Trainee: 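Handing you this structure, nothing more for now.
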Amino acid sequence: MTKIKAVIFDLDGTIGNTLPLCIKAFKQAIQPLIGRTVSDAEIVATFGPSEEGTIMALAPNQYQKGIDAYLKYYKDFHEMCPAPFDGVVELLEHLKSNNIRVAMVTGKGEHSTEISLQKFKIKSYFESVETGMASGPRKPQGILNIIDTFKNIARDEIIYVGDAPSDISACRQVKVPIIAAAWAETAEKEKLEALQPDKIFNSFTAFSNWLKTVIS
């Protein structure tokens, strides 16, 4: 593989095990507003847009209340996931010390992304962060925006690291190599493998060890 000069990370399920936290916060925020229980599958089916899109889909008549409640619970419940995956900070340090450009493109909304980056104490490692939007998925555009900031780096010298099948589709669209992150408990490994990412890793340690070899 070409020597890697830049890495773009996803957040949920890639940097930290935050998806269970998201689902719990959605349930706590939405159920009182609509007067019924909401299943995990019902919430996950709305993913693609940011959290605002999920609230719009499930509680459209209580949109602002839903957003405010979600962000409150997301912050309150963040102790469910107090730190990123083991090895993340060490790898980010290694990338920075080797002059590898590091950015983030996530489908999360701006406010919840900020909460997690602050809780994990890793915001300073990312030179640029592109977040999601309520109206629909925008990862391809987010990745392209980041690429524009990576002057004089070819697309085959950049990797995107993400845990969702949609991440693979987005990277194929913008012609950036995709590393599938299958190390979170929420990862759907068979779906990821079926889409034939450039590489797939079942543990963060294995991914980190591989990445260190392709930046040296």
Side-chain angles (χ1 to χ4, degrees), residues 8-34 36-59 62-92 104-126 129-134 137-139 142 161-167 180-189 191-192 201-205 207:
I8 307 172
F9 288 94
D10 179 39
L11 180 49
D12 291 330
T14 301
I15 291 288
N17 189 34
T18 43
L19 282 169
L21 157 65
C22 296
I23 290 171
K24 183 176 181 180
F26 275 126
K27 286 184 175 181
Q28 199 76 14
I30 293 171
Q31 288 174 167
L33 297 178
I34 64 174
R36 66 176 180 84
T37 58
V38 180
S39 69
D40 291 10
E42 195 173 356
I43 292 167
V44 171
T46 70
F47 287 1
S50 63
E51 296 93 336
E52 290 84 356
T54 295
I55 301 295
M56 183 64 74
L58 297 177
Q62 302 281 352
Y63 177 74
Q64 193 57 53
K65 285 184 178 179
I67 293 296
D68 292 344
Y70 174 79
L71 290 173
K72 175 188 182 299
Y73 289 122
Y74 186 82
K75 188 172 184 179
D76 289 349
F77 295 157
H78 216 291
E79 287 310 306
M80 290 175 60
C81 185
F85 289 115
D86 289 345
V88 165
V89 174
E90 186 272 336
L91 178 61
L92 293 173
M104 175 174 284
V105 177
T106 174
K108 292 173 78 66
E110 178 183 357
H111 300 297
S112 60
T113 297
E114 178 71 16
I115 290 168
S116 287
L117 291 178
Q118 293 288 354
K119 291 282 187 181
F120 291 161
K121 298 181 173 63
I122 58 172
K123 184 178 180 181
S124 63
Y125 293 105
F126 301 95
V129 177
E130 290 275 331
T131 55
M133 60 192 302
R138 65 171 301 273
K139 276 200 175 175
V161 188
D163 69 312
S166 58
D167 294 332
W183 49 78
E185 63 185 36
T186 50
E188 297 178 293
K189 185 181 177 184
K191 290 183 179 180
L192 295 172
F201 291 96
N202 297 326
S203 77
F204 188 85
T205 298
F207 162 67

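What you see below is based on every heavy atom in this structure, not just the backbone, and it leaves out hydrogens, waters and symmetry mates. Just so you know, these numbers come straight off a predicted model, no measurement behind them. Starting from 1, each residue takes its place in the sequence as its number.
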Trainee: Rounded to the nearest 0.5 Å, what separates atom SG in C81 from atom NZ in K119?
Mentor: 11.0 Å
Trainee: Determine the minimum heavy-atom distance between M104 and L117, stating which atoms define it.
Mentor: CE-CD2, 4.0 Å
Trainee: I need the L58 CG to F26 CZ distance, nearest 0.5 Å.
Mentor: 8.0 Å
Trainee: Check the pair E52, Y70 against side-chain contact (heavy atoms from CB on, under 4.5 Å), reporting the backbone distance first and the verdict last.
Mentor: CA-CA 9 Å; E52 290 84 356; Y70 174 79; over 6 Å; no
Trainee: Is any side-chain heavy atom of K24 closer than 4.5 Å to a side-chain heavy atom of Y73?
Mentor: no
Trainee: Please check if atom CG in D86 has more than 12 non-hydrogen atoms from other residues, nucleotides or ligands closer than 6.0 Å.
Mentor: no
Trainee: With rounding to the nearest 0.5 Å, note down the distance linking CD1 in I30 to OG1 in T37.
Mentor: 12.0 Å
Trainee: For atom CD of E114, decide whether the heavy atoms of other residues, nucleotides or ligands shown that lie under 6.0 angstrom number more than 12.
Mentor: yes
Trainee: Restricting to non-hydrogen atoms, name the atom on L192 and the atom on P165 that form the minimum distance, rounded to 0.1 Å.
Mentor: CD2-N, 3.6 Å
Trainee: Between T18 and L21, is there a donor-acceptor pair closer than 3.5 Å when you use the side chain of the first and the backbone of the second?
Mentor: no
Trainee: Can you find a heavy atom in the side chain of I15 that is under 4.5 Å from one in the side chain of D10?
Mentor: no
Trainee: With the side chain counted from C-beta on, respond yes when M56 and P49 share a heavy-atom pair under 4.5 Å apart, and no when they do not.
Mentor: no
Trainee: Could you tell me which non-hydrogen atom of C22 sits nearest to which non-hydrogen atom of Y74, and how far apart they are?
Mentor: SG-CE1, 3.7 Å
Trainee: With heavy-atom distances below 4.5 Å as the criterion, would you say the side chains of V89 and P84 are in contact?
Mentor: yes
Trainee: Can you name the nearest heavy-atom pair linking L33 to K65, along with the distance?
Mentor: CD1-C, 4.0 Å
Trainee: Indicate the atoms forming the closest heavy-atom contact of G162 with T14, along with that distance.
Mentor: CA-OG1, 3.6 Å
Trainee: Might you point out which heavy atoms bring L71 and S112 nearest each other, and give the distance in Å?
Mentor: CD2-N, 3.9 Å
Trainee: Side chain to side chain contact (heavy atoms under 4.5 Å, CB included) with K108: which of I115, L11, V129?
Mentor: L11
Trainee: Does K123 offer a backbone N or O that forms a donor-acceptor pair with the side chain of Q118 under 3.5 Å?
Mentor: no
Trainee: Indicate yes or no: at least one non-hydrogen side-chain atom of F47 is less than 4.5 angstrom from one of D12.
Mentor: no
Trainee: Do L92 and F9 have side chains that approach each other closer than 4.5 Å (heavy atoms only, starting at C-beta)?
Mentor: yes
Trainee: Between S203 and W183 (side chain of the first, backbone of the second, donor and acceptor by atom type, cut-off under 3.5 Å), is there such a pair?
Mentor: no
Trainee: Just so I know, are the side chains of K139 and S166 near enough to count as touching, which here means a heavy-atom distance under 4.5 Å?
Mentor: no
Trainee: Please report the interatomic distance CD1(I67) to CD(E51), rounded to the nearest 0.5 Å.
Mentor: 7.5 Å
Trainee: Using the test side chain to side chain contact (heavy atoms under 4.5 Å, CB included), find all partners of D40 that sit at least two apart in sequence or belong to another chain.
Mentor: I23, K27
Trainee: Less than 4.5 Å apart, side chain to side chain, heavy atoms only: is that true for R138 and E130?
Mentor: yes
